[in-house]
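Along the sequence shown, residues are numbered consecutively beginning with 1. In this text, all values refer to a predicted model and were calculated from it rather than measured experimentally.
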Amino acid sequence: MQNVSRLVTFVGAGNVASHLAVALAGAGYTIAGVYSRTMASANALCERLGGVGQCPVGTDSFERLPVADVYIISVKDDALPNVVAAWPAHCRQGVVLHTAGSVAMDVVKGTSDHYGVLYPMQTFSKDKAVDFSRVTCFVEGNDEVAENVAHELGEAVFGHCQKLSSEGRQQLHMAAVFACNFSNHMYALAYELLEAHDIDPRCLLPLIAETAGKVATLHPHDGQTGPARRGDRAVVARHEAALADNPELQQIYNLLSESILRRYD
């Protein structure tokens, strides 16, 4: 059962923090404060939380970080060691959780006796709403206290919550990069290719939707289509020739086509 009397302070005001803070506020938790390296970012999230009835304190100083029961660190992966090094003494009594997918739990070991991970596996953009009921949250804790708190927060806002080790989470995060980040980059390249020829790239949207939706009912291996899947090297060669004036795109096309050809040869 969730303890909505808990005070939660966020360290970081980026994409993940912005969505998660609002979701926890909506679940009844009190957001005590928001830290960011810049006051503009801290104030922006505080203002967003004000729209859902919260009055957090915004700050760009760790020494003025509001005391809380739970601290959620949601910053860039390479910034985590700096946050830990600067962690204030007055905030060492609460449970400290970070939200990074590819970083081990122990990176925040120096902040508290109770620490862990609250990793929502989803892509977040500040101005794009996310249906948390369809998101799985992966949690880990160094002890029972931290693990229970991570589970409590995860179950309060996400559709599913499960325990996963740091090693397992790293593999999961790599898989997510392939499935999400790389796929989105392919969309960007496809858009640029069409825009360069004055073709509306939105014509790709039904194709993108069908491709993504098909994974729900077919294993991706069975759902693969296209010239490389058919072993049609003549078409692959023509496409590569057409990309002669764009060596980077040609290299990407060749690398992916060869990977598919080998898999289905």
Side-chain angles (χ1 to χ4, degrees), residues 14-16 18-19 74-80 99-104 119-132 134-138 159-160 164 166-265:
N15 292 342
V16 176
S18 295
H19 286 281
S74 187
V75 298
K76 292 181 179 179
D77 293 2
D78 58 5
L80 276 165
T99 63
S102 62
V103 181
Y119 169 55
M121 193 184 65
Q122 185 54 279
T123 175
F124 294 96
S125 298
K126 280 188 180 180
D127 298 322
K128 174 67 170 65
V130 174
D131 182 359
F132 275 31
R134 303 183 65 183
V135 176
T136 298
C137 182
F138 296 88
H160 186 60
L164 187 65
S166 291
E167 294 78 10
R169 196 173 64 257
Q170 183 175 25
Q171 295 299 317
L172 177 68
H173 189 258
M174 282 195 295
V177 168
F178 274 96
C180 172
N181 306 131
F182 289 169
S183 294
N184 190 74
H185 185 57
M186 293 301 103
Y187 300 155
L189 294 179
Y191 267 48
E192 291 170 9
L193 187 64
L194 293 183
E195 288 167 345
H197 292 82
D198 296 322
I199 302 172
D200 186 352
R202 290 176 297 180
C203 69
L204 293 171
L205 293 179
L207 177 65
I208 292 171
E210 175 63 20
T211 303
K214 193 160 51 173
V215 180
T217 55
L218 278 179
H219 190 287
H221 181 275
D222 299 325
Q224 185 69 51
T225 60
R229 169 63 180 89
R230 299 190 300 271
D232 196 336
R233 290 183 177 271
V235 172
V236 170
R238 285 200 297 272
H239 285 173
E240 291 182 0
L243 293 169
D245 61 344
N246 192 331
E248 180 185 16
L249 202 57
Q250 185 185 58
Q251 184 179 17
I252 293 171
Y253 185 97
N254 175 265
L255 181 65
L256 293 175
S257 294
E258 287 298 323
S259 178
I260 296 171
L261 283 162
R262 286 193 298 272
R263 187 169 296 272
Y264 294 94
D265 190 12

Legend entry - Spacing of CD belonging to Glu167 relative to CD belonging to Gln171, to within rounding of 0.5 Å: 9.5 Å

Legend entry - Residue pair Ala228 / Leu261: nearest heavy atoms and the distance that separates them: O-CD2, 3.4 Å

Legend entry - Closest heavy-atom pair and its distance - Pro120, Val135: CB-CG1, 4.3 Å

Inset, instruction - Return yes if some donor-acceptor pair links the side-chain N/O of Arg169 with the main-chain N/O of Val103 below 3.5 Å, else return no. - result: yes

Legend entry - Distance in Å, Arg263 CZ paired with His221 NE2, rounded so as to fall on 0.5 Å steps: 6.5 Å

Inset, instruction - Measure from the side-chain N and O atoms of Glu240 to the backbone N and O of Gln250, and report whether any donor-acceptor pair falls under 3.5 Å. - result: no

Inset, instruction - Find out whether Met186 and Ser183 are in side-chain contact, i.e. whether some heavy atom of one side chain is under 4.5 Å from a heavy atom of the other. - result: no

Inset, instruction - Kindly indicate, with the supporting measurements, whether the criterion side chain to side chain contact (heavy atoms under 4.5 Å, CB included) is fulfilled by Thr225 and Thr211. - result: CA-CA 10 Å; Thr225 60; Thr211 303; over 6 Å; no

Legend entry - Sole candidate of Glu248, His239, Glu258 that passes side-chain hydrogen bond (donor to acceptor under 3.5 Å, both in side chains) when paired with Tyr253: His239

Inset, instruction - If a pair satisfies salt bridge (Lys or Arg N to Asp or Glu O under 4.0 Å) and one of its residues is in residues 194-218, list it, with sequence neighbours excluded. - result: Asp200-Arg202

Legend entry - Side chains of Leu204 and Tyr187 in contact at under 4.5 Å (non-hydrogen atoms): no

Inset, instruction - Flag the pair Cys203 / Leu194 as yes when at least one side-chain heavy-atom distance between them is below 4.5 Å, and no otherwise. - result: yes

Legend entry - Value rounded to 0.5 Å, distance of CG in Asp265 from CD1 in Ile260: 13.0 Å

Inset, instruction - Check whether any side-chain heavy atom of Met121 lies under 4.5 Å from a side-chain heavy atom of Thr136, and answer yes or no. - result: no

Legend entry - For the student: nearest non-hydrogen atoms of Ala100 and Leu80, plus distance: CB-CD1, 4.1 Å

Legend entry - Among Leu193, Asn254, Ile252, the one residue meeting side-chain contact (heavy atoms from CB on, under 4.5 Å) with Leu243: Leu193

Inset, instruction - Check the angle between the aromatic planes of Phe124 and His19 and answer parallel, tilted or perpendicular using the 30° and 60° thresholds. - result: tilted

Inset, instruction - Verify side chain to side chain contact (heavy atoms under 4.5 Å, CB included) between Tyr119 and Leu172, making sure each step is shown before the conclusion. - result: CA-CA 11 Å; Tyr119 169 55; Leu172 177 68; 3.9 Å; yes

Inset, instruction - Considering non-hydrogen atoms only, spot the tightest contact between Val16 and Ser74 and give its length. - result: CB-OG, 3.4 Å

